Amino acid sequence: MPETLQRRPPPVEGRGWLEPLPAATRFSFRGGSGAIEALSRAYGVPLPTAACRAASAGPRAALRLGPDEYLLIAPAAEGASLAPMLATALGSLPHSLVEVSHRQVAFAVQGPYAEWLLQSGCPLDLDLGPFPIGMCTRSLFHKAEITLWRTGPTTFRVEAWRSFAGYVVELLADSALELPA
Amino acid sequence: MLIIDCPYCGPRPELEFAHGGQAHVVRPADPAAASDDDWLQYLYLRDNTRGVFAERWRHARGCGRFFNALRDTTTDQFLATYRAGEQPPAVPRDRP
Amino acid sequence: MSRFRTTRGGRIDRSRPVRFRFDGRDYEGFAGDTLAAALLASGVHLLGRSFKYHRPRGILAAGAEEPNALVTVVRDAARRTPNLRATQIEVYEGLVAESQNRWPSLALDVGAVNGLFAAFLPAGFYNKTFMWPRSAWHALYEPRIRAAAGLGVAPGLPDPDRYAQRYAHCDVLVVGAGPAGLAAAAGAASAGARVILCDEQHEFGGSLLAERGATIDAMAAADWIVAQHAALASNPRVTLLPRTTAFGYFPHNNVGLCERITDHLARPPAALPRERLWQVRAREVIFATGAIERPLVFPGNDRPGVMLASAARSYLNRYGVQVGSRAVVLAGSDAAYAAALDLAAGGVAIALIADVREPGRAQGPAATAARDAGLAVETSMTALGTSGRRRVSGVHLGRVGNDGSIRPAASLRCDVLLMSGGYTPSVHLHSQSRGKLEFDAAFGAFVPGTAAERTRCAGGVRATHTLGAALEDGAAAGVAAALAATGHAAAAHRYAARLPEARLEGTPGALPQPAGAVPPAKAFVDFQNDVTTRDLALARREGFESIEHIKRYTTTGMATDQGKTSGLNALGFVAAESERRIPEVGLTTYRMPYTPVTFGSFAGVARGELFDPLRKTPSHDWVVAQGGVFEDVGQWKRTRYFPLGGESLRAAVDRECLAVRQHVGMFDASTLGKIEVVGRDAATFLNRLYVNNWSTLAPGRARYGILLRDDGFVYDDGVVARLAEDRFHVTTTTGGAARVFGMMEDYIQTEWTDLSVWITSTTEQWAVIALQGPRARDVLAGLVSGVDLSPAALPHMAVAHGRICGVPMMLFRVSFSGELGFEINVPADYGAETWAAIHAAGQAHRITPYGTEAMHVLRAEKGYIIVGQDTDGTMTPDDAGVAWAIGKAKSDFVGKRGLARAALRRPDRKQLVGLATVDPGVVLEEGAQVVATPGQAVPLQMIGHVTSSYHSPVLGRSIALAAIVGGRARTGQTLYVPMPGADIPVQVTPPVFYDRDGARLNA
């Protein structure tokens, strides 16, 4: 039998204004208020109750993508331990916890032109006023769905389903041709 | 491109939404008991309103929620959006 | 030095001469020139031939409204931009431009013979002349007409330039950077608003750029523009967009802008896109779009050298160009006097100001100033015709008596004839936003009325009369818009402006002509589409009353300039002819784009590989290395087949199919849609949604599921596995993944809100590798751990968890080939390596990778349907032969009531059956029709169609599936597939061609 295979996410080439982010453990969590409270305690991140907001504690983050939907992002190394731990904490509370670690790819769009680059394909207003630090949402980049999370004044975490990631990156790179060297 | 006020996320561009047809079309509780005419009505017959129309939208590229909206089909202006299951709010329905 | 260039003045940079080429001749202009200005400076007035009559045409205007001077700018073979207005092209070193619509040359145009046959090209000539025979239209008439009457020629090569797009948001968008627009932007910015200010020209200032002597806040206008621009540019919340046309208004304050980035550059940097399409979303929009001067309509008004008065003034004051040496000025508005005064001061002889108005209406300040300056003025005049060939050489004037009679008055020599018929506010965008228009009878034009969206108009577009009024209007609009958008108030700056009042009102329509006399020449209303007063009168005589009908019959206003100079004159003429008021005649709809926009700009980056997301599966790179051939399935790239050593498609597919039947094949099935259904009520939910009974499915087992719409027709299908009491793994068709997900969400959120269930898309979480064939188990055995692969432990339609090559695996014992089969699901980041590992381990078992083509043959041999290929949205489960899947005991599921409709239970519905051609070598065409008897006359009585058809290598013959009326009862009958040349006889068979008892599947 061959040796254990290595996890190889779709490659994303770093370009300064764009940097690949490490492979992660991800869960899509759905549930009512009881489950949200239980998960907040077990996960160690209070799940945000405001629409389109993210919260994080250490390396773990929770993005509120819908009224009962959260994307949990944690280090890849926690993959094996996190699922049973969370499942135990949730017990019989009505909920859905589905691992989607490999479904999507993450990269950072950063620097003084981050907003400008993303506006080439994202129809939302990404100005710091209407899209402050800590805001997250699903949206579109051209024809691809993305999850966008502003982690700093000039830094966004972009997640795209794995087969769309290349499309998103190539389109960003096309815009970036205009950036000053 | 319209701006649609998602009841969960706030105003968003139409690109993120999918139209879901006429709102408040009720699936018969006991389909087996529905007459052919009732079933035909439920399946196929829809209003084609000139003026304020209650319609379904889904914030498909956002929070994923279905909700309802009152839109004036002559002006494309939204008078209200509200959550699925809620009754349409009272709005002035007179068109200029 | 060009003959007609002044020695000083204007906004051109005389220190930067620019050489360019027009129709093969070299010219020189200055930086800051437009092509039109530079050609006029060289005395060139003939720039093109007209659309229909090939009449010589010159330059009418100085801006976007230019209808005549359309040219093609050529950079190289692929970069040819036709139909650009010479009045908007900025000259650059090495610019090459060509005139259009002339053959063999501009000066000698054979097509001008059309003018001799003009009587045969009246309004509606398309409709009348070429009605019969119909077949001749495409073959004969249309190509000839297109060749004879046309615009520039599009390049034949792919566009090598890049085009960018972006979304932008602001509190206040100001369209137009004339005095009102600049004041509006400054006002909005002073309240702290995010402002975008765009203007189609390369420099801001609008009408001020052509003024001399105007002052604002004690500054010369030119200095004020600089100061205003600098203040706005230094504000980080203000975005300034010169060379940017607001071409269209879309609902909810979404405005389309086209920014031209490199067209004015001699050597465009490779890093820059040629154009950028902006989709601006503004809380408030201000249209400061100004107004356009109207031509006067009289015989011979299209001769080169006949020009708008404001244009002549603009060429002189802005570009330092004298448009002629001796001018006659036809004044239908006071603007003509201002032009006459400036031109006279600039050394142009003014032969006469012929005011077409009565003495009482020719009394404005400008008229007084002209008289004071000693210019000759006559009133109650009209123009009866012009002389000259390729340039006007004289004008024949008439005098209108008190009784309306017209007598010839004088024939004056001139080399330029200026005219001003009044001004038409540029209400295009306001009207596109469904804002109301009101006819201002005193001004003689439509002005903006009530807004329909959060927009307002300011300045010349509202027919303001003075510079001060325009500035005040703009400033007020700016602060009001900012307040409405942001809630922040600011005081509107009060500008002190000095500029003589210009009364811009006029009377749209045609100048009066002697009654009964046949005019000596055509009087053009629409220059670009060659529509004359005769055409409009003819349309009326033929019964067209509505302006919308007259427009379409005569094509007036339908050219690329959209009637900017002609629309109101056409209305005025029709109104006068029909003795109605202009508002009674109506108004045609303004449509985007304001000026033409390149296709490249709309396409943006969506070209080639970036046209659409190009989704690749985990095996993609491996397949590329193997020389596999891909096909597009929706957005996915799927492997179609793996040719070995120059194999044909047929040879490769035969080999791949036989390998699966005899040994083992591997197939990338990752594109299958996957949805995880989780919750206490997951089984209840699926019971209500799918036709099947899921309550009896034990965890660890899977079942073929069918999803209907509520009308009873098949919507999707796929294997559904129960992973736990409260957790199902649902697969969908590749193309159906998104819509099935949406349908599930719809029922969960809006129909069955009582259920505790959620769905999550896991399509891309899993890489799926199908391993099919009698030796599939042998390949797997060496790779997996934690799973008992024996038939007893893992029978057909069982699911197990374990590891493959050390990584977590979900293993399905399923088959879409009819052979012993497995589908190995691994987390997708392991997919590529798992694929390679299986391929390597399979070598000992003669493993063969296969593609979608072989997959199709294998499944068709087994009669497995493909939703969307063998079904078409009007087939029930019974029609498709899968009614066995329906849970008979269920009281309801989506589609159950639909299926009970009488029409869906008729025995003569189309049913899916097999077809075997009598000649086993003939492979039917998919989509071919089926008939019961051969040799039928047209129309044939069609009883069905072929849905799937392949050569089956294992059977050594062709096979097909078909939807046939009452098909199952026809088993054994001979039917016919009519094709060109022959009716192909086929025999109706059951849809399963191979291994009917399923022995191989259960191995």
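All values below come from the heavy atoms of this structure, side chains included, with hydrogens, waters and symmetry mates left out. Below, chain A is the first sequence line, B the second, and so on; all start at residue 1. Not measured: the values here are computed from a predicted model.
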TODO: Side chain from CB out, backbone as N, CA, C, O: work out which of these in Ala828(C) comes under 4.5 Å of a heavy atom of chain A, or both, or neither.
DONE: both

Task: Among His95(A), Glu99(A), Arg8(A), Gln6(A), residue most engaged with chain C (heavy-atom pairs, under 4.5 Å) - done: Arg8(A)

TODO: Quick one: pull up CG in Leu610(C) and OH in Tyr167(A) and give me the separation to the nearest 0.5 Å.
DONE: 7.0 Å

Task: Region of Leu118(A) in contact with chain C, defined by heavy-atom distances below 4.5 Å - done: neither

TODO: Please determine, among Ala165(A), Pro130(A), Ala144(A), Gly121(A), the option with the most heavy-atom pairs under 4.5 Å with chain C.
DONE: Gly121(A)

Task: Side-chain heavy atoms of Gln279(C) within contact of Pro123(A), under 4.5 Å - done: no

Task: Trp161(A) versus Arg615(C), closest heavy-atom pair with distance - done: CE3-NH2, 4.1 Å

Open item on the list: With rounding to the nearest 0.5 angstrom, report the CG to CZ distance, Asp127(A) to Arg237(C).
Closed with: 6.5 Å

Open item on the list: Is Glu609(C) in contact with chain A via its backbone, its side chain, both, or neither, using a 4.5 Å heavy-atom distance?
Closed with: neither

Task: Closest non-hydrogen atom pair, Pro9(A) against Asp829(C) - done: CA-OD1, 3.3 Å

TODO: Could you grab the distance from atom CZ of Arg103(A) to atom NZ of Lys674(C), nearest 0.5 Å is fine?
DONE: 12.0 Å

TODO: Check the surroundings of atom OH in Tyr113(A): do more than 12 heavy atoms from other residues, nucleotides or ligands lie under 6.0 Å from it?
DONE: no

Open item on the list: If we define contacts as heavy-atom pairs under 4.5 Å, which of Gln635(C), Lys616(C), Arg727(C) has the most with chain A?
Closed with: Arg727(C)

Task: Under 4.5 Å from any heavy atom of chain A - which part of Ser761(C) - done: both

Task: Check ion pair Arg194(C)-Asp125(A) (N to O, under 4.0 angstrom) - done: yes

Task: Distance, nearest 0.5 Å, that separates CH2 of Trp758(C) from CD of Glu69(A) - done: 12.0 Å

TODO: Quick one: which of Thr834(C), Val757(C), Val826(C), Thr760(C) has the most heavy-atom pairs under 4.5 Å with chain A, could you say?
DONE: Thr760(C)

- [ ] Would you mind telling me which of Val677(C), Val605(C), Leu272(C) has the largest number of heavy-atom pairs within less than 4.5 Å of chain A?
- [x] Val605(C)

TODO: Taking atom CZ of Arg283(C) as the centre, report whether more than 12 heavy atoms of other residues, nucleotides or ligands fall under 6.0 Å from it.
DONE: no

- [ ] Flag the one option from Gly129(A), Gly31(A), Gly166(A) with the top tally of heavy-atom pairs under 4.5 Å to chain C.
- [x] Gly31(A)

- [ ] Would you mind telling me which of Pro613(C), Pro273(C), Cys170(C) has the largest number of heavy-atom pairs within less than 4.5 Å of chain A?
- [x] Pro613(C)

Task: Distance in Å, Leu124(A) CG paired with Arg281(C) CZ, rounded so as to fall on 0.5 Å steps - done: 11.0 Å

- [ ] Kindly give the heavy-atom pair with the smallest separation between Glu764(C) and Ser163(A), and that separation in Å.
- [x] OE2-OG, 2.5 Å

Task: Minimum-distance pair of heavy atoms, taken over all atoms of Gln765(C) and Val100(A) - done: OE1-C, 3.0 Å

Open item on the list: Check whether Arg162(C) reaches the backbone of Asp174(A) with its side chain - one donor and one acceptor, N or O, closer than 3.5 Å.
Closed with: yes

Task: Options Ser28(A), Ser101(A), Cys122(A), ranked by heavy-atom pairs under 4.5 Å with chain C, top entry - done: Cys122(A)

Open item on the list: How long is the straight-line distance from CD of Gln119(A) back to CH2 of Trp278(C), given to the nearest 0.5 Å?
Closed with: 9.5 Å

- [ ] Go through Glu833(C), His620(C), Arg276(C), Gln165(C) and name the one with the most non-hydrogen pairs under 4.5 angstrom from chain A.
- [x] Glu833(C)

Open item on the list: I need the residue from Ala832(C), Ser756(C), Ala840(C), Ala271(C) with the largest number of non-hydrogen atom pairs under 4.5 Å to chain A.
Closed with: Ala271(C)

Open item on the list: For Lys143(A), is there an ion pair with Asp612(C) - N to carboxylate O distance below 4.0 angstrom?
Closed with: yes

